[in-house]
Amino acid sequence: MMNVLPAAAERLKRKWRQKLIRSLPGQVVIQVTDKCNAACPQCGMRISSDFTRKSLAREDVFKIIDAAGDRGVKAISFTGGEPLLVLDDLCAYMDRAGENGIPFIRTGTNGFLFRGSPKPGFRDRIGKLARQVAATPVRNFWISLDSCDSKIHERMRGFKGIVEGIEKALPIFHDEGLYPSANLGINRNLGGDLTRNLDPRDYSDPKDYEQALYKAYSKGFSKFYKKVIELGFTIANACYPMSVDPDQEDLEAVYAATCSENIVRFSQKEKKMIFKALKDTIPSFREKIRIFTPLASLDALIREYGGKTASSFPCQGGLNYHFIDSQTGNTFPCGYRGGENFGKYWHLNGKTRDLQPDCRLCDWECFRDPSELAGPVLDLFSSPLGLVKKTARDPLGVKTWARDLLYYRACGYFNGRSAPDYRRMSRV
Ligand code: SF4
Ligand code: SF4
């Protein structure tokens, strides 16, 4: 009897938490196509990858969006491949999401259309693109940038001259009332020569390598933020490394953006130092550019990779966040749990009933960051005593979380349809 009661209480608590999570605003990431024209070495969808590419049928995407609207989903992302390869469809999808009352609509580009900026007609061409995208209810439009070194970024993408093109395109987008965000996928080239030449074999003591890594990535992130500010971006986000280790049996990626190449594959210790470098760099730039990456999330990842798993909040993937892949048009808990196929999104009801809110298998920021930010609120209603204990153990963690929220508010919750309020940002 003594053991039965706590077990029953734990079961009840988990059920209640599941219910709470489902009542929070949901999120859907729809991979509209896996076609891509870029050469990125860090991604399984690069142009040289040999597999049969597919785009979702237009009618199916509309059905998914309508079902998401009916489920009360508040955030929808249209990803690729390269979403602008299906530009007209993409704009129709974003309009449909707006008609369904979904306020947080995101999409982006690898920047291929920003090639050829010295040629005549560039301004008109990009003006037309900016007007078309800005006419939809899209809230955030990202442009990928892999390195603070333009040459390296262009080599990785396989697009010569796009950084110059991005710089010229940004004011054109701003004139149309759209403020694109710079999207950095963390990789070994992000800091240019600072980070890409680091080799653990050059260090006899692993601790020295970790320190060198921390220093190099701190400088690399710093150079990256300076670069994107110079280019004219007003929002920046960092995507955590999307590598899946071949020996990580519990993950079966369905999102082909994942890969196991060295350029995005880091050991746990390396990840810890990289997240620490990012966390320590961000505060110096928070008043100069709207940086989405929450410090609370980085804190949690640093602790996680330092061996303190239970202190991070579990991911909501599968419960109220979902991923739809372009190959099958089916729904998965996220881009990494390909073994759990829920079928068509519009038939989802009930299929995820038994999922438990306890996944921490990857660092996919699309799902981990909002889960971490919502964590304390969920704890407050599902496990107030646990929250009190956690706060007592780590009062600084709660302070970081609260400051993130204040900063988010000062940034207008990263509304990519309005200019930043630098005065407000500097006050946080
Ligand atoms: S990262 Fe994006 S742009 Fe690069 S190959 Fe993958 S899908 Fe294409
Ligand atoms: S942590 Fe989230 S995104 Fe990662 S595998 Fe688990 S459910 Fe998926």
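In this text the structure is predicted, and so the values were computed from the model without any measurement. Along the sequence shown, residues are numbered consecutively beginning with 1. Just so you know, ligand 1 is whichever comes first in the structure, and atom 1 is the first atom listed for that ligand.
The structure places CZ of Arg188 at 4.5 Å from CD of Glu270, a figure rounded to the nearest 0.5 Å.
Closest to atom 7 (S) of ligand 2 among all protein heavy atoms lies Arg337 NH1, 3.3 Å. Here the protein heavy atom with the shortest distance to atom 4 (Fe) of ligand 1 is Cys40 SG, 2.3 Å. Considering only non-hydrogen protein atoms, atom 2 (Fe) of ligand 1 sits nearest to Arg157 NH1, 4.1 Å. The nearest heavy-atom contact from the protein to atom 6 (Fe) of ligand 1 is Cys43 SG, 2.3 Å. The protein atom (non-hydrogen) at minimum distance from atom 8 (Fe) of ligand 2 is Cys334 SG, 2.2 Å.
Residue-ligand proximity, Cys36 to ligand 1, at heavy-atom distances under 4.0 Å covers atoms 3 (S), 5 (S), 7 (S), 8 (Fe). Those atoms of ligand 2 with a heavy atom of Leu361 less than 4.0 angstrom away are 1 (S), 5 (S), 6 (Fe).
Between atom 8 (Fe) of ligand 2 and Cys362 there is no N/O/S contact shorter than 2.8 Å.
Asp34 places a side-chain N or O within 3.5 Å of a backbone atom of Lys54 that can act as its donor or acceptor partner. Listed for the Arg290 side chain is a donor-acceptor partner under 3.5 Å among the backbone atoms of Thr234. For the pair Glu176 (side chain) and Gly127 (backbone), a donor-acceptor distance under 3.5 Å is absent.
Between Asp394 and Arg303, at least one side-chain nitrogen of the basic residue sits less than 4.0 Å from a carboxylate oxygen of the acidic one, meeting the salt-bridge criterion.
Here Arg368 has side-chain heavy atoms under 4.0 Å from ligand 2, and that is the only part of it that gets that close.
Proximity of Glu82 to ligand 1 is not established, as no heavy-atom distance is less than 4.0 Å.
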